[in-house]
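Below is one structure, written out as C-alpha cells; comments come after it.
Bear in mind that the values here come from a model prediction, so they are computed numbers and not experimental data. What's counted below: heavy atoms across the whole structure, side chains too, no hydrogens, waters or symmetry copies.
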Amino acid sequence: MTSTKTQVGVQTPAPWPTFTVAELAAHPGNVRDIEVPADLLADVKDNGVVEPLYVVRTHGDVPQIIDGFQRLAAAVAAGLETVPVTPRPVIRIDALTPHPKNAREDLDLNAPFVESLRAEGCRIPVKIQRLDGGVLQVNDGNRRYHAATDAGLTHLPYEWEDDDRDAAGQFLDMITTAQHRKSLTASEMNQAMFSAAEAGAQVGRIAKAAGVRQKDVKTLVKVRSDEKLSAAVTGASGYEWTFEHLAALTEFADDAEALAVITEAAAEDDADEGDVDWAIAIERTKRDKRTKAEAHRAELEAAGEKIRDAEELSERAMPVWRLRGVSAEEHAECKGLVWVFDERRGDRYEPYCSAPGLYGHTVPEGASGSGGTKTAAEVEAERAARAAVKKGNIDWDAAEALRRKWITDLIKRRNLPKTTTNTLIGHVNNALLNGSWGISDDLNKEGTTEILAGFLGLNAEQAKDRVSFAGHVAKDPRRAPQLQFAAIAAVREKRANRSAWRTDSQHAPWARQPTGRWFQVLASLDYPLTPIEQSVVDGEPYDPSRKKPRAITTGGEPETEQEPGTDEETGEPEAEEADDPASDDEAAA
C-alpha cells in the first residue's frame with residue numbers, strides 16, 4: 001500500500017483522508033480523560049497513527065469520534081498534526097477468518113475485480129460474527145475478503161451479524177444476499193462511467209474502478225460527448241453496445257447515412273453483436289471504396305485524363321478490356337480514351353473507348369456497343385442488374401474482411417480448446433493427403449503469400465520474402481496446427497473470389513461449390529457465417545434483405561472430393577483464374 005508523510009515526518013496510509021489533531025481536539029466530546037497505554041504511545045511515536053479513527057459529522061458539521069479516543073490522545077501526546085480517519089467502521093483484514101463453508105465454489109477473483117478494489121477500496125461492508133474463542137468470522141462477503149487480500153488492502157468496512165443468527169441462518173443469508181445482487185448491464189455501466197467522467201473523475205481512475213482499458217473509457221466519453229454519436233447510441237438503447245462497436249461509431253461521426261444504418265441494425269428486436277459487426281463491415285467497405293475512388297480520380301485529373309459519367313457515353317462506348325487486340329497500355333494513346341467510374345468495383349475508374357469503330361478497334365460480336373437500340377425496359381433491367389452486382393460485391397468484400405480478421409484472430413490465439421485443435425489438424429490432413437483444393441497449385445502463388453502474411457501478422461518488410469516466413473512466427477510447437485492451418489486457409493481464401501457468390505449469367509460453380517465447403521469448415525470452427533456466405537453454402541441466390549445467418553450443423557469437409565482442377569458439376573477441366581480485370585464479375589454484368 002502506498003503511503004504519504006505527515007508534516008512531522010510520520011507515514012500514514014494514503015487511502016485514508018485525514019483530519020488535523022487540533023480540529024478533532026477542539027470538540028470536547030472527542031477528548032477523554034484516559035491514560036494512553038505505553039505500547040500504543042510508543043508505536044504512534046515511531047509509526048504515526050496507522051489505524052484510522054472512525055469519525056462522523058454531527059449537526060453543525062462537527063467531527064465526532066465514534067472509535068479511536070485512545071489513538072487521538074496518543075496523537076496529541078506524540079505531537080502529530082494529522083491523523084487518518086474513516087467515515088464508516090473498518091476492521092483489519094488480518095483480524096478476520098473466512099467462512100469455512102462458503103457457498104461460492106468459484107470466487108472468480110478476476111483481475112478487473114481485484115484492480116477495482118485496489119483503486120477504490122471496498123465499498124460494501126462484509127458481515128462478521130464473533131465466535132467462541134474470539135474468532136471474527138466473515139459470514140457474508142468472502143469474495144470481497146479474498147479479493148481485498150489480493151489487492152493489498154489492509155482494512156474492510158464491516159457490520160456485525162445479528163447476535164441471534166444461528167448457523168442455518170448464515171447459509172440462508174448467503175442465498176438471499178446473492179439473489180438480491182444484480183450486476184449493472186453494459187448500458188448502465190457505460191452511463192455510470194460517463195457520469196463519473198462528467199463529475200471530474202480521471203480516465204485512469206474510471207478504468208481501474210470498472211475493470212476496463214483506459215482506451216475504452218476514452219472511447220465512451222468521446223461517443224457520449226458527441227451529439228450525433230450519442231443520439232446513435234440512444235437510438236438503439238436496447239442494444240448492449242460493446243466498446244469495439246462504440247469505437248467504430250467514431251469512425252462515422254461525419255457520415256449520417258452510415259450512422260443511421262448501423263443504428264438501425266442495432267435497434268432490431270433480436271439484434272446481436274454479429275448483426276452490428278455486419279453493418280459496420282459493410283459501411284467500412286463502402287467508405288474505403290469511396291476513399292480509393294476519390295484518390296484514383298485525383299490521380300487521373302492530375303494527369304489530365306478525361307473523366308465522364310456513364311450516362312454521357314454513347315451506346316458505342318465500351319470498356320477497353322472488352323476490345324480485341326489492344327491492351328490498356330496500348331489504348332492509352334487513343335483519342336477516344338475516357339475514364340468512367342467502375343460501379344461494380346466501386347473503388348476506381350476504368351478506361352473506356354468512346355467510339356471503338358471510329359478509332360479502329362475491333363469489338364466482340366454481339367456486344368452491346370456494336371449496334372442496336374435498347375428498349376426502356378432493357379435499360380432498366382441492366383441498371384437493376386448492375387445495382388445488384390454492386391451491392392453483392394460490397395457485401396462480399398465486407399464478409400471477406402470479417403472472415404479474414406476472424407481467421408487471423410484464431411491463428412493468434414495462445415490457447416485453443418482441444419476440439420478446435422483437432423478440427424484444424426483434421427482439415428490440414430484432408431487438404432494435404434487428399435491432394436485437393438489446389439494446394440499444390442496455389443500454395444506458393446503471390447496472392448496466397450500476401451494473404452498468408454496477413455494471417456501471420458507480418459509487417460510489410462517481413463512479408464517481402466516468403467522463405468523467411470517461418471523465422472518470423474512463434475517457435476512453440478503447440479502452435480503448429482494453427483500455423484499449418486494458416487497456410488491452407490491462405491489457399492482457400494485466394495480461391496474464394498467474388499465469382500463464388502454470383503448466380504446470374506456469371507455464375508461459376510467451379511468457384512462457388514469449393515468455396516461453400518470452405519465456409520462449412522470455418523462454421524465447424526464456430527465462425528458465424530454472414531448472409532452472403534450462407535447463401536453460397538446453401539447454393540441459393542444472395543438476398544441482401546436476409547438478416548440472420550443460419551447455424552451450420554454439418555460443418556467440416558466432405559469425405560470425398562473431386563479431382564483438383566475439375567468442374568464439380570460437369571467433371572470438365574476447371575478454367576484457370578484469369579488476370580483480366582473482368583474475370584471474376586464483370587464479363588457480362
Side-chain angles (χ1 to χ4, degrees), residues 106 108-112 114 150 213 244 273 277 399-496 514-529 533 537 551-561 564:
D106 181 9
D108 188 24
L109 303 182
N110 54 71
V114 174
D150 290 350
R213 301 174 300 179
E244 183 178 1
E273 289 186 25
D277 276 337
E400 180 182 273
L402 283 176
R403 186 174 68 250
R404 292 187 180 179
K405 180 182 182 301
W406 185 90
I407 294 172
T408 300
D409 291 342
L410 174 70
I411 293 167
K412 287 181 178 178
R413 285 172 58 183
R414 293 181 178 275
N415 298 302
L416 291 179
K418 185 176 180 180
T419 54
T420 301
T421 300
N422 289 341
T423 301
L424 294 182
I425 294 173
H427 178 61
V428 171
N429 287 342
N430 280 343
L432 295 177
L433 299 179
N434 293 354
S436 60
W437 299 71
I439 300 299
S440 59
D441 296 331
D442 286 342
L443 186 58
N444 296 316
K445 285 188 176 179
E446 182 177 349
T448 305
T449 296
E450 181 180 349
I451 296 171
L452 178 58
F455 286 160
L456 298 178
L458 305 184
N459 58 41
E461 186 63 29
Q462 293 170 331
K464 289 181 179 179
D465 182 14
R466 177 69 176 269
V467 176
S468 67
F469 278 20
H472 295 309
V473 297
K475 304 302 186 294
D476 187 347
R478 291 173 296 181
R479 294 200 61 214
Q482 288 158 272
L483 299 179
Q484 294 165 4
F485 179 78
I488 303 300
V491 174
R492 301 286 198 255
E493 287 295 305
K494 177 183 180 297
R495 298 174 69 85
T515 298
R517 296 203 311 275
W518 169 230
F519 291 168
Q520 285 181 294
V521 171
L522 295 178
S524 72
L525 292 165
D526 295 328
Y527 167 68
L529 294 173
E533 292 165 331
V537 170
I552 293 293
T553 57
T554 58
E557 290 192 70
E559 293 183 3
T560 61
E561 303 179 26

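Residues Asp526 and Thr420 are not in side-chain contact: their nearest non-hydrogen atoms beyond the backbone lie 4.5 Å or more apart. Side-chain atoms of Thr448 and Asn444, non-hydrogen and from C-beta on, never get closer than 4.5 Å to each other. The shortest side-chain heavy-atom distance between Arg413 and Leu410 falls under the 4.5 Å cut-off. At least one side-chain heavy atom of Asp409 sits less than 4.5 Å from a side-chain heavy atom of Lys405. A heavy-atom distance below 4.5 Å is not found between the side chains of Asp465 and His472. Side-chain atoms of Phe485 and Arg492, non-hydrogen and from C-beta on, never get closer than 4.5 Å to each other. Glu493 is listed as a side-chain neighbour of Ile407, based on a closest heavy-atom distance under 4.5 Å. Contact annotation: the side chain of Val521 never approaches that of Thr423 to less than 4.5 Å [non-hydrogen atoms, C-beta and beyond].
With values rounded to the nearest 0.5 angstrom, Leu483 atom CG is found 12.0 Å from Ile488 atom CD1. One distance of note links OG1 of Thr419 with CG of Leu424; it measures 9.5 Å at 0.5 Å rounding. Note that the CG atom of Asp476 and the CZ atom of Arg414 stand 9.5 Å from one another [nearest 0.5 Å]. Rounded to the nearest 0.5 angstrom, Thr408 OG1 and Ile451 CD1 are separated by 10.5 Å. With rounding to the nearest 0.5 Å, the separation of CG in Asn459 from NZ in Lys464 is 9.5 Å. Rounding to the nearest 0.5 Å gives a distance of 11.5 Å between CG of Leu529 and CG of Leu402.
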Handout entry: CA sep, side-chain torsions, deciding dist, call: Leu443, Arg466, side chain to side chain contact (heavy atoms under 4.5 Å, CB included)
Key = CA-CA 11 Å; Leu443 186 58; Arg466 177 69 176 269; 4.0 Å; yes
Exercise for the section: For Trp518 and His427, run side chain to side chain contact (heavy atoms under 4.5 Å, CB included): C-alpha distance rounded to whole Å, both residues' side-chain angles, the deciding distance at 0.1 Å, then the answer. Expected result: CA-CA 10 Å; Trp518 169 230; His427 178 61; 3.6 Å; yes
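Smallest separation of non-hydrogen atoms from Trp406 and Pro528: NE1-CD, 4.3 Å.
The main-chain N or O of Pro481 is never found under 3.5 Å from a side-chain atom of Gln484 such that the two would form a donor-acceptor pair.
Considering Gln520, Arg403, Glu533 in turn, Glu533 is the only one that fulfils the side-chain hydrogen bond (donor to acceptor under 3.5 Å, both in side chains) rule with Tyr527.
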